[in-house]
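Just so you know, ligand 1 is whichever comes first in the structure, and atom 1 is the first atom listed for that ligand. This is a predicted model, so every value here is computed, not measured.
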Amino acid sequence: MAESHRKALNGTNRETIRTGLSEESIRAAFLDNLFYLQGRFPEVATLNDQYKALAYTVRDRLLHRWVATTRAYQKANPRTVCYLSAEYLPGPFLGNNLLNLGIEEPTRRALAGLGIELDALLEHEEEPGLGNGGLGRLAACFMDSLATLQVPAIGYGIRYEFGIFDQVIRDGGQVETTDNWLRFGNPWEVRRPAIAYDVRIGGYTEQTTDAQGRFGVRWVPNEVFNGIAVDTAILGHGVNTVNLLRLWTAEAAEGFDFHAFNRGDYYGAVVREVRSETISKVLYPNDEPEIGKRLRLLQQYFFVTCSLQDMIRIHRTTGQPLDKFHEKFSVQLNDTHPAIAVAELMRLLVDEHQMGWDAAWEVTRHTFAYTNHTLLPEALEKWPIPLFQNVLPRHLEIIYEINARFLDEVRLRHPFDTARVQRMSIIDEAPPRFVRMAHLACVGSFAINGVAELHSRLLKETVLRDFFELWPEKFQNKTNGVTPRRFVMLSNPGLSRLLTRTLGAGWARDPSQLRVLERHADDAAFQQEWREVKRSRKEALAARILDRCNVSIDPDSLFDVQAKRIHEYKRQHLNVLHIVTLYNRIKFNPGLDITPRTFIFGGKAAPGYAMAKLMIRLINAVADVVNRDPDVAGRLRVVFLPNFSVKLGHGLYPAADLSEQLSTAGKEASGTGNMKFSMNGALTIGTLDGANVEIREEVGADNFFLFGLTAEEVVRTLAEGYRPWDIYNANLELKGVIDLIASGHFSHGDRTVFQPLVDHLVWHDNYLLLADYAGYIACQEQAGLTYRDSRQWTRMSILNVARMGKFSSDRTIAEYCRDIWRAEPMAVDV
Ligand code: 26V
């Protein structure tokens with residue numbers, strides 16, 4: 001980072017001495033933290049001691065800016081964005097904070113002076129896996145961009161004690177182990193015991209009358225526990241703004257239940273305490289149907305009520321009345337997981353703060369905005385009424401009231417259309433009856449958005465069509481983006497240096513400047529440097545794969561990568577059909593001249609999703625056979641990289657040549673991995689789905705490998721009576737591939753292992769792999785040929801990076817601020 005940047009961040013004298021950014025200050029602070037916080041001296045410090053000492057050193061430098069930011073916000077009382085998300089996947093903090101503070105180099109030198117290697121400490125950090133995949137990572141990118149754009153914001157969520165499970169591959173299959181990420185402590189968080197709220201659950205409600213004869217409702221819960229705030233500082237890049245990531249952890253209300261204790265029920269009290277603490281214990285997988293998981297509903301309500309109570313507390317410090325709440329806060333619902341907020345804000349305003357229903361509804365419907373992240377009908381959250389009644393009796397009454405008024409509005413607009421009223425109701429009347437969370441979110445929000453152009457359009461035409469017809473003005477699109485700080489600067493320093501040398505340093509904050517690269521796309525010397533950067537990342541990945549998977553791969557081969565959750569709609573098995581196709585071609589024609597490829601997979605399957613787990617088995621089984629077969633050696637290699645995470649992504653995106661984005665058109669809301677690959681110079685092979693459509697528009701059709709049916713063709717094909725069996729029989733090469741898998745060739749002769757997968761493909765194939773197979777294979781052939789023309793490939797790679805500026809999450813956040821949140825930047829001085 002430039003000296004000027006460091007100077008700009010450097011504040012007062014006191015700051016220079018206590019939390020300065022020079023090499024000397026950092027070294028002194030590091031030694032202090034080692035000694036005073038951990039009672040260690042350098043000679044006996046473990047790697048973890050060193051890591052923590054450095055993390056505290058960096059955190060001290062954030063705290064200083066954090067206080068300045070809080071003060072500035074208190075003084076100016078700006079409109080504040082509150083992002084409600086059940087998931088955050090921030091990735092490792094150390095490197096990112098060093099980058100955003102601009103102190104990576106002095107820190108490296110400070111440690112080197114003590115004989116410590118910064119990279120070893122970076123590698124040591126365990127990341128908080130508080131999310132499943134794209135949705136949680138998007139929330140983290142948004143927090144980065146909000147701070148970088150200096151927009152006052154708080155991210156609210158849950159501090160899960162155990163994040164997404166760790167994936168181990170045993171005998172070719174996925175085994176889950178607990179992610180004990182807090183084992184060695186988390187130096188980035190600050191616990192705030194004074195910021196705690198009551199959370200009630202269960203019980204019943206009763207009518208009350210106050211002294212003035214006004215009716216009210218009292219909720220008598222049967223359990224109460226506390227949510228405690230645990231804060232993490234989120235520093236923007238090259239600015240002083242530090243926003244808050246405030247995650248809630250559950251605790252028993254007042255330590256022991258003394259009442260029970262006095263009765264001699266000591267153990268009962270302890271059990272109650274343990275039970276309350278399970279609320280924030282573990283993250284649920286988001287991609288398996290899970291109707292009726294009580295704990296999951298509790299988690300959602302838990303973090304929502306704590307967050308809303310916190311906002312009300314903050315609002316009260318401004319001296320403004322509660323009917324101006326929506327002027328202070330804009331609250332974004334990240335999918336329907338926090339949608340209970342609509343009912344909870346009504347409850348807080350009406351029951352706890354004695355506001356009339358109509359006034360409370362005015363505040364509520366001007367406060368929330370809702371982002372939808374999926375079109376899959378089976379993924380739309382709904383809660384069985386008996387469960388809901390049991391956990392949140394008061395909220396159910398409130399939802400009935402909201403629904404009654406809402407359905408009156410629908411009837412006014414569409415008299416006699418009872419089918420429409422039933423479709424739109426917040427309550428699904430099919431026994432046992434359900435609360436439809438997406439409907440609650442739509443009714444309670446002033447804006448509703450999808451996450452890519454195609455997805456937003458399909459939302460209006462399919463799952464939310466009735467709502468669009470009622471309130472077209474609420475609907476918007478906000479195409480996702482990713483932060484170029486983490487996903488280019490931090491994970492690909494070689495590319496960053498080349499970009500900065502060629503374009504100047506402005507591209508990371510204003511990626512439209514990357515366009516200038518177009519001029520260099522055909523420059524032979526520049527191309528050479530470009531290839532060297534990619535080559536070095538491929539070598540680094542090869543070393544890691546040798547270390548972790550004991551497979552050696554050739555950095556000169558085409559690195560063909562698919563990294564994302566394992567799901568049928570994402571079609572990792574289509575990729576496998578291609579691999580087996582090449583395998584068969586070589587087996588039938590041993591002299592075949594094909595572009596050598598290394599196929600790399602990464603991703604977790606939801607623990608209860610049998611077909612996804614079988615897909616992992618298939619990948620590993622094919623890898624096992626292919627990698628041991630001397631006939632294909634030097635031409636094909638297959639690797640499954642276990643336990644994919646943000647951190648592993650850092651090593652993967654920069655090393656990829658080809659990015660696999662294979663979802664059945666109309667199924668992937670956006671995708672964000674697609675952006676990370678392309679920003680690092682990988683070319684995409686993909687369908688017209690999610691943000692692929694816009695990526696292709698930006699980089700140009702010539703620089704994108706397109707195949708497959710369109711979303712409309714997918715719908716039509718299925719409606720017309722799709723017969724995969726006929727395709728299987730008509731395409732001999734495809735038949736050969738499927739038959740080989742079915743024959744037990746990849747399962748030691750056991751024909752039963754992959755039978756469910758094969759049967760599903762030839763008889764049902766709801767995700768249309770067979771329909772897209774021939775087009776995919778042809779497109780892959782084209783990609784393979786193009787790779788051999790290294791000038792052409794490099795040119796396409798450069799043009800991809802040059803034209804990906806649109807997909808910075810800064811652009812996304814600027815649009816949310818302008819069109820939904822009406823929030824403005826506010827600079828912070830230290
Ligand atoms: C949930 C379920 C539940 C039932 C079984 C199938 C299924 C499949 C997926 C999901 C997850 C839905 C929410 C989600 O994570 N969406 C992802 O959001 C990303 C950020 O906007 C976006 O890039 C991904 O395309 C989208 O899948």
- prompt: Glu668 and side chain to side chain donor-acceptor pair (under 3.5 Å): which partner among His567, Lys570, His455, Arg571?
  reply: Lys570
- prompt: Got a sec, which residues hit side chain to side chain donor-acceptor pair (under 3.5 Å) with Lys478, two or more places apart in sequence or on another chain?
  reply: Gln476, Asp819
message: Quick test of your reading of the model: are Arg716 and Glu712 salt-bridged, counting only N-O distances below 4.0 Å?
response: no
message: For Glu429, is there an ion pair with Arg433 - N to carboxylate O distance below 4.0 angstrom?
response: yes
Check ligand 1 against [X] and write out every atom of the ligand that is under 4.0 Å from a heavy-atom position of the residue.
X      : result
Leu376 : 8 (C)
Ala669 : 25 (O)
Glu668 : 24 (C), 25 (O), 26 (C), 27 (O)

message: Between Asn800 (side chain only) and Ser678 (backbone N and O only), is there a donor and an acceptor less than 3.5 Å apart?
response: no
Between [X] and ligand 1, is there a nitrogen or oxygen pair with a distance under 3.5 Å?
X      : answer
Gly671 : yes
Lys570 : no
Asn480 : yes
Glu378 : no
Thr374 : no

Compile the donor-acceptor pairs under 3.5 Å between side chains in residues 440-449 and protein atoms, sequence neighbours left out, one pair per line.
residue	atom	partner	partner atom	Å
Ser445	OG	Ala441	O	2.7
Asn449	OD1	Thr371	OG1	2.9
Asn449	ND2	Tyr816	OH	3.0

message: Quick check on His567 - does any of its heavy atoms sit under 4.0 Å from an atom of ligand 1?
response: yes
message: Check contact between Tyr569 and ligand 1, using heavy atoms of the residue and a distance below 4.0 angstrom.
response: yes
field: Aromatic contact, Tyr776 with His578 (centres under 6.0 Å)
entry: yes
- line: Which of Phe467, Tyr370, Phe434 passes ring-ring contact (aromatic ring centres under 6.0 Å, His included) with His439? Answer is Phe467
- prompt: Side chain or backbone of Asp335 under 4.0 Å from ligand 1, or both, or neither, by non-hydrogen atoms?
  reply: side chain
